[in-house]
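I have placed the structure first, in the form of structure tokens, so that the comments after it can refer back to it.
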Amino acid sequence: MPPPTTARTPIKLHRNVALIRTEDPLVVEELMARKPLARLIAGRLSETVLLVRPEDETALLEELRRMGHAPRVVR
Amino acid sequence: MTHPTPDEPTTADPDVESGASPSGLSYRAAVAAAGPGRLRAILRELGVDAGRRSLGLDEALLDRLDEPGAVAELIASIGPDDRQALGLFALSQTPCWPAVAFGEALLGLGIDPSLALERPLALGLVAPLPPPADPDAPVTPLDRDRVLGMRLVAHPDVLESARVLAPGGDGPPPIDEPVHLVREADGLEPVLRLASLWQLADASPFKRTRQGDLYKRDRQRLDEDPALSGPIADVLCPPDDPVSPWLHLSRAVGLLVDEPNSDRLLAASPDFWSEHGVHLPQMIASRWIAGGDLRPGPGDDPGPLLGLRPAALLGLASRKEDQWVALDDLAAFLSSRMSAPAPPDPPKADRRRKADDNGPPPGDPMRDALRAALLGPAYLMGLVRVGEAGPSRRTAVQLTPRGRFVLGLGPTPPPPPRIEQFLFVQPNFEIVAYRQGMNPAQVGRLSRFARWEQLGSALTLRLNSDSIDRGLASGLSADEIRAWLAQHAVRPLPEGVSGAIATWAGRRDRLTFFASATLIEFGSSAELEDALADWPDGPAPAPIRVADRVLLVEDEAVIPFKRFRLAGARDYRKPPEACVEVGPDGVSIAADPARGDLFVEAELSRFADPPEAAPAEATLRRWYVVSPSSLRRAGAEGMTLASLSQWFAHRTGGPMPPAIRWLCRVVDLDGDGPPPPPRASRPMLLRVASAEVLDGLYQHPDTGPLLGDRLGPTAAVLRGGDPGPLREALGRLGVPLELE
């Protein structure tokens, strides 16, 4: 009797996604409360992750810095 | 950031700069494009018996020339003019030259291009791309009307094995007057401008159009940058365009790199500065000689405008080190040998300067082009020094030791005196750096953690949380930054600055922005848990859970694809797909998960809510409903009517439904104030037997003004709701009006 084969898990890959991640959900709330920045957020992926459109990267980083944040940028 | 690799071709070639495929311009491509007759002839010259075969000839040629020492041996076997021709490739460190410009450069050196290229072409050391349409036609002469658009591509080993020789024979006549008011630039200006450009690309990559230009937004960012576009302090002939030459040179030297399969231009890795910083001035000069600052369109050829650069520099090199050459004499000398460039539009500054210049009258294109090249970039790069000959007051030029070194005709120039302390770090976080103490490596180091603000006789930079963050991201530690500043500062580092650097460094991990993350979406959170439990150990960072069903990986290469089945993939740099449908009620919206992406549901949830009772087919599509409360929430998060309209255009391929547009007005999404409320009233209707009758009533001067909106062919509203005036008017015409 042949050994049972393990079914491979289906996944969907999302490449080149721009997002902001923080450990603290309150930081996300703080960001979303600021209208100029909230306009640049495409949506929430979870309570600590915000999705951003790639073309808004410059404006978003500028706005974050204007708010006093020093985001670590991973390219 | 991306590391340039040795395999990547030099982007000094204009077509590469214009966005054409670099691989299409390699020597291999040129050989592959050659006809079998030409390849067979080359192989015969190289002593390779190709037999009668017509396939694989290109590979046979490549194999032969790739043999160790083969190219060097062939170069040693050809004549001095042939070697000088190949030396131009080595001098410019680019394997690819526009054919007309190359021919003009040789003419400027007093060399017949047809004779000098005969053997290199016959031996396959140089190949034309594209080859002549007629396979039996010779490549030379390199006349514009014959070879416009053609490139001459050298075998890569030519760049290593060939070198230019000191020009023999006649040269431009030396000036016989004393030269005074001598000026020589420190050669740092191009390095500083490129450093400033690198910082801008590091802050946010540039995007290129299909034509190779930058998008307007990025170009504007460069034009408005005070450091990059600011005036040059020590300049004799300022460039017409303060941005484009530096941009093209940055790509040519590899400080900006094209992201593969993308339209983005990225900053090179900070390691570039430690690896190439010392040699950067020489790299810039070499690429400039090959036209790395130009961006002609595909098939274009700068011709003599480019050819005069090596010709002029080597012409100056034919004179002794202490001899000067008048710019006019050099122009006359070159004009006697090569074509004059097409007259350029004179820059404003040049027009102003000509009023004070006692040289020959303007209008000589060769003189103007030489002036722009030698007194412009060549002066800024420190290749030439410039003076005034007396008493004629003619402009005189002379190669510097750096210029001779770049041409490969002189030793390494002595380094400037070392000044250890050259920085003033102010308590307001401004840094003033004195150029006399700077060198390219230090420019690179400062560029990693301080933002260039002004490039003048003194250089100013600024420290802020962003610049320190970039410094940390480049691999420096806060202590290293402080120690380096303290080492080179004239005064002790202000305590406030030192403390702020530590504070900024400590705050950095609170928020992370991933510019191009790869996300793995699982069907369920259980599947994600299983995948995490079985994730292979390795040196790469572990995946990060960013949602119940989503993992983030920094490097896609670490994904164990053997355990997964790829059910779909989406690249978020590409435009969003239309994957949303609007229901017939105008407020229900359905997202198609098969065509959708991560954004679509996040976007939908900003201005719509899942319905309380999902429609029967909800297993296939995810439904949302737009309501006043959901739109108020969207407004609070910054959404506007314009942004929502744009969303519908992208996601549904159509306009926003009228029902939602009306709700947007109801909740005052744009803050213009709500619209006036709808009004309800009881109208008095007039009905007639036929449309013809109603047409007559509308037109007649007694009855027309008494009628309001027409509701149909035979019905209209009575203006004012009172039938009295109409009854009287009709009565005068002998027509009764019946009231119901």
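Heavy atoms only: backbone and side chains are in, while hydrogens, waters and symmetry mates are out.
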Is [X] close to chain B through its backbone or its side chain, or both, or neither, when contacts mean heavy atoms under 4.5 Å?
X: A:Pro10; answer: both
X: A:Val17; answer: both
X: A:Leu50; answer: neither
X: A:Arg34; answer: neither

[X] versus [Y]: any side-chain heavy-atom pair under 4.5 Å?
X: A:Ile20; Y: B:Thr512; result: no
X: A:Thr9; Y: B:Asp530; result: no
X: A:Arg39; Y: B:Thr640; result: yes
X: B:Glu556; Y: A:Leu13; result: yes
X: A:Glu57; Y: B:Pro205; result: yes
X: A:Leu45; Y: B:Leu519; result: yes

Nearest-0.5 Å distance, [atom1] of residue [X] to [atom2] of residue [Y]:
X: B:Arg217; Y: A:Thr58; atom1: CZ; atom2: OG1; answer: 6.0 Å
X: A:His69; Y: B:Asp466; atom1: NE2; atom2: CG; answer: 14.0 Å
X: A:His14; Y: B:Leu598; atom1: NE2; atom2: CG; answer: 3.5 Å
X: B:Phe513; Y: A:Leu60; atom1: CZ; atom2: CG; answer: 6.0 Å

So which of [options] has the biggest tally of heavy-atom pairs under 4.5 Å with chain A?
options: B:Ala567, B:Ser204, B:Ala517; value: B:Ala517
options: B:Ile544, B:Val600, B:Asp597, B:Val553; value: B:Ile544
options: B:Arg606, B:Glu521, B:Lys207; value: B:Glu521
options: B:Arg570, B:Lys574, B:Glu527; value: B:Arg570

Pick one of side chain, backbone, both or neither for [X], based on which atoms fall under 4.5 Å of a heavy atom in chain A.
X: B:Ala636; answer: backbone
X: B:Val550; answer: side chain
X: B:Lys562; answer: backbone
X: B:Leu552; answer: side chain
X: B:Leu551; answer: neither
X: B:Arg549; answer: neither
X: B:Leu604; answer: neither
X: B:Phe561; answer: both

Between [options], the one whose heavy-atom pairs under 4.5 Å with chain B are most numerous:
options: A:Val49, A:Thr22, A:Leu51; value: A:Leu51
options: A:Arg53, A:Met32, A:Glu47; value: A:Arg53
options: A:Ile41, A:Leu31, A:Leu37; value: A:Ile41
options: A:Ala38, A:Pro36, A:Ala42; value: A:Ala42

To check you understand the geometry: which heavy-atom pair defines the closest contact between [X] and [Y], and what is its length?
X: B:Phe599; Y: A:Val52; result: CZ-O, 3.2 Å
X: B:Asp469; Y: A:Pro71; result: OD2-O, 2.6 Å
X: B:Phe514; Y: A:Arg21; result: CE1-CB, 4.1 Å

Exercise. Does atom CD of A:Glu55 have more than 12 heavy-atom neighbours from other groups under 6.0 Å away?
Worked result: yes

Exercise. With no hydrogens and no angle check, is any side-chain donor or acceptor of A:Arg44 less than 3.5 Å from a backbone partner on B:Ser605?
Worked result: no

